[in-house]
Amino acid sequence: MTILKPAIFTLFAVAALTACQGAEAPVKENMTTEKAEPTPRAMTNKDKFTYANYDEVRVTHVDLNLDVNFDAKVLDGIATIDFERVKSDADTLVLDTKDLLIKSVRIFSGGIAEGVTDYTMDAADKVLGEALRIPLTDKTDQVLISYRTSPSAEGLQWLSPEQTAGKKHPFLFSQAQALNARTMAPLQDTPAVRMTYSATLRVPDGLLPLMSASQGAKDANGEYRFEMPQPIPSYLLAIAVGDIKFKPINDHIGVYAEEYILDAAAEEFSETPQMEEANTKLYGPYLWGRYDLIVLPPSFPYGGMENPRLSFLTPTLVAGDKSLTNVVAHELAHSWSGNLVTNATWRDAWLNEGFTSYVENRVMEELYGERRAVMEQVLDMEGMKRAISEAKRPELTHLKMPEDMEHPDDAFTLVSYIKGANFLFFLEDRFGRAKFDPFLKAWFNENAFKAVTTEDFLDYLNVNLRKDNPEAVTDVEIDAWVYGPGLPETARKPESDAFSAVDAQSADWVSGTVKASELETDAWSTHEWLHFLNNLPQGITEAQFAELDDTFSLTGTQNAETAFAWYMQAIKGGYDAAYPELENFLMTVGRGKFIYRLYGALKSSEREDLQFWAADIYEAARPGYHPIAQRRIDAIMNK
Ligand code: BES
Ligand code: ZN
């Protein structure tokens with residue numbers, strides 16, 4: 001085979017980039033007479049990924065006054081922090097910081113300066129950063145911190161003009177979840193604490209700043225002012241700055257993007273208003289004011305991020321046929337599950353992601369019907385089974401994550417998402433939609449703007465649903481879902497007729513009964529293609545790969561999900577003809593869902609030439625990847 005040298009300049013040449021787009025866990029009362037084996041329960045629900053002393057002092061509001069300095073690649077300015085005392089004798093405010101340069105700390109009481117204070121910084125921890133300890137007087141209720149971020153802050157990606165589609169202006173975007181708000185500002189960086197925020201930003205001429213807040217216009221001083229009046233956890237703090245244009249979809253929903261993709265994105269996401277209506281019908285009103293979307297540069301490492309009022313999206317969703325809009329349904333659904341009712345610790349991430357994946361699927365069903373919703377359930381189920389089989393240890397396949405998990409990343413696998421969603425499908429099936437839907441609506445309503453634990457949910461379930469329907473589910477069943485490994489036997493088994501038809505055709509082709517050109521694929525949606533590709537049997541020949549490719553032009557396809565599924569098979573099956581386009585994909589797409597597994601498959605390939613090839617591509621592509629993706633792929637490639 002020919003091994004291609006990576007095209008070193010592709011990364012910076014954006015033609016390519018644009019091509020693609022504290023409390024003890026309560027012990028449950030037994031609801032049934034059945035005897036459950038006692039399961040070791042969560043011992044503590046204190047967030048261990050923060051240094052903040054939030055059981056003593058709670059931040060209530062943060063005001064940021066910042067210069068966005070593209071030359072130095074830093075945010076530079078002042079964070080003013082208001083707080084309340086939980087314990088009246090608290091004499092220290094401990095904040096999270098990571099890679100921040102702290103210049104000075106001043107303390108205030110009732111708006112009157114008390115003076116400059118001698119703060120201390122702990123030694124840096126690789127994951128958690130550095131605790132900033134600020135001594136307080138009895139009266140201190142506000143601190144003012146002068147600081148600047150680091151050019152290598154993990155939560156910020158600074159793109160040069162050449163790395164943007166327009167090529168004239170630089171671009172900055174943030175990604176605070178899970179532990180990176182502390183690389184943007186000193187805060188109590190835990191989902192257990194909520195704060196309102198305001199910001200004043202100064203940006204270079206020609207650039208538009210946006211935040212997860214009300215979008216303020218430029219004032220007479222050339223500054224932009226933002227307000228977020230609803231209290232949010234720190235991981236929802238967000239900023240984007242660039243040559244960004246706006247196109248409305250309706251009176252309170254619209255799309256921001258670089259010009260090149262603005263119209264296409266507005267068209268792709270034109271059904272967002274119907275998604276909001278479906279959500280509202282099921283779970284109550286949207287409480288955040290506007291809902292806008294921003295399509296970020298291709299190095300954005302996620303499919304989407306639910307920043308309030310402004311979901312961040314990867315351009316790989318703009319497929320041209322609305323086939324990948326479930327990600328929008330997902331990020332919008334977080335406006336209820338996650339942003340309104342928030343996991344109190346990352347051990348409870350499934351309360352955000354599992355609930356959201358469930359709501360997402362319900363909304364997809366409302367908009368597009370059961371056929372599409374079930375196809376998505378089956379695809380998700382296949383992905384989750386793989387994630388379960390690949391788990392580093394069985395505890396990471398529980399819904400409640402183990403106390404000693406190393407990094408919140410461990411909680412964001414398809415276990416939290418899809419096992420979580422399936423736990424809710426299980427409850428829905430047992431109690432029936434007539435009871436389960438109002439139950440979930442009440443859960444969101446009664447816990448709005450609160451942080452909740454897994455145990456809070458189980459208590460709520462006991463009191464509000466199980467008490468009146470004691471036969472519907474048993475403690476043992478619930479325990480298996482929440483505190484047990486793998487996928488419980490009680491899981492729904494979604495079956496898609498559409499996929500059965502695909503399987504039948506696939507089998508005919510694999511056995512040689514029909515040619516690829518005789519397959520009836522005209523009516524296949526992206527979902528059917530994904531099912532077909534993901535389930536190609538082991539051992540299909542190079543000639544069979546080539547036949548598929550010649551017939552359907554899979555190599556280089558513009559739908560990023562289909563391309564990813566095909567390249568995974570091409571790696572497994574040794575179909576070398578796909579590698580130039582696979583290289584192009586790795587050089588131009590920074591979405592972690594795709595590239596982590598592609599690098600993983602190449603690195604673990606038995607073929608040394610592929611391992612070397614992947615290392616060369618990564619070396620060339622790495623500078624263009626987001627710092628989060630760099631960290632993750634460094635680990636995969638043992639850098
Ligand atoms: N909140 C997540 C993204 C995230 C997870 C950021 C963990 C940081 C740490 C977002 O809502 C999400 O789940 N995105 C998914 C899309 C979804 C349809 C599964 C993604 O990015 O693929
Ligand atoms: Zn999510």
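Counting starts at 1 for both ligands and their atoms, following the listed order.
Between His527 and His531, a ring centre-to-centre spacing not shorter than 6.0 Å is recorded. Aromatic rings from Phe439 and Phe436 are positioned such that their centres are separated by under 6.0 Å. When ring centroids are compared, Trp481 and Phe423 come within the 6.0 Å threshold. Taking the six-membered ring wherever Trp is involved, the centroid distance between the rings of Trp336 and Phe355 does not fall below 6.0 Å. A ring-centre distance under 6.0 Å is not found for Tyr483 and His398.
For the residue pair Thr356 / His330, no side-chain donor-acceptor distance below 3.5 Å is found, with atom types taken as modelled. Inspection of the Asp348 and Thr454 side chains reveals an N or O donor paired with an N or O acceptor under 3.5 Å.
Within Glu353, OE1 is the N, O or S atom that lies nearest to the Zn ion (ligand 2).
Counting only heavy atoms of the protein, atom 22 (O) of ligand 1 lies nearest to Gly303 N, 3.6 Å. What sits closest to atom 9 (C) of ligand 1 on the protein, heavy atoms only, is Tyr302 OH, 3.5 Å. Nearest to atom 5 (C) of ligand 1 among the protein's heavy atoms is Phe412 CD2, 3.6 Å. Among all non-hydrogen protein atoms, the one lying nearest atom 15 (C) of ligand 1 is Glu331 OE2, 4.0 Å. The closest protein non-hydrogen atom to atom 6 (C) of ligand 1 is Gln177 OE1, 3.2 Å. Ranking the protein heavy atoms by distance from atom 19 (C) of ligand 1 puts Tyr417 CE2, 3.7 Å first. Among all non-hydrogen protein atoms, the one lying nearest atom 3 (C) of ligand 1 is Gly304 O, 3.6 Å.
Atom numbering of ligand 1 starts at 1 in the shown order; those under 4.0 Å from a heavy atom of His330 are 11 (O), 12 (C), 13 (O), 17 (C), 18 (C). The atoms of ligand 1 that sit less than 4.0 Å from any heavy atom of His334 are 11 (O). The atoms of ligand 1 that sit less than 4.0 Å from any heavy atom of Glu306 are 1 (N), 2 (C), 10 (C), 11 (O). Shown in contact with Gln175 at under 4.0 Å from a heavy atom are these atoms of ligand 1, numbered in order with element: 6 (C), 8 (C). Near Glu353, the atoms of ligand 1 lying under 4.0 angstrom from a non-hydrogen atom of the residue are 1 (N), 2 (C), 11 (O), 13 (O).
Phe564 pairs in a ring pair (Phe, Tyr, Trp, His ring centres under 6.0 Å) with only one of the listed residues (Trp529, Phe585, Phe594), which is Phe594.
Under a 3.5 Å cut-off, the side chain of Asp292 and the backbone N or O of Ile253 do not form any donor-acceptor pair. With hydrogens and angles ignored, the 3.5 Å screen pairs no side-chain donor or acceptor of Gln274 with any backbone N or O of Leu367.
Ring planes of Tyr256 and Phe246: tilted class, angle from 30 to 60°.
Between Asn326 and ligand 1, not a single N/O pair is under 3.5 Å apart. Distances between N or O atoms of Val327 and those of ligand 1 include no value under 3.5 Å. For ligand 1, none of its N or O atoms has an N or O atom of Glu360 under 3.5 Å away.
With the Zn ion (ligand 2) as the vertex, atom NE2 of His330 and atom NE2 of His334 span an angle of 100° (nearest 10 degrees).
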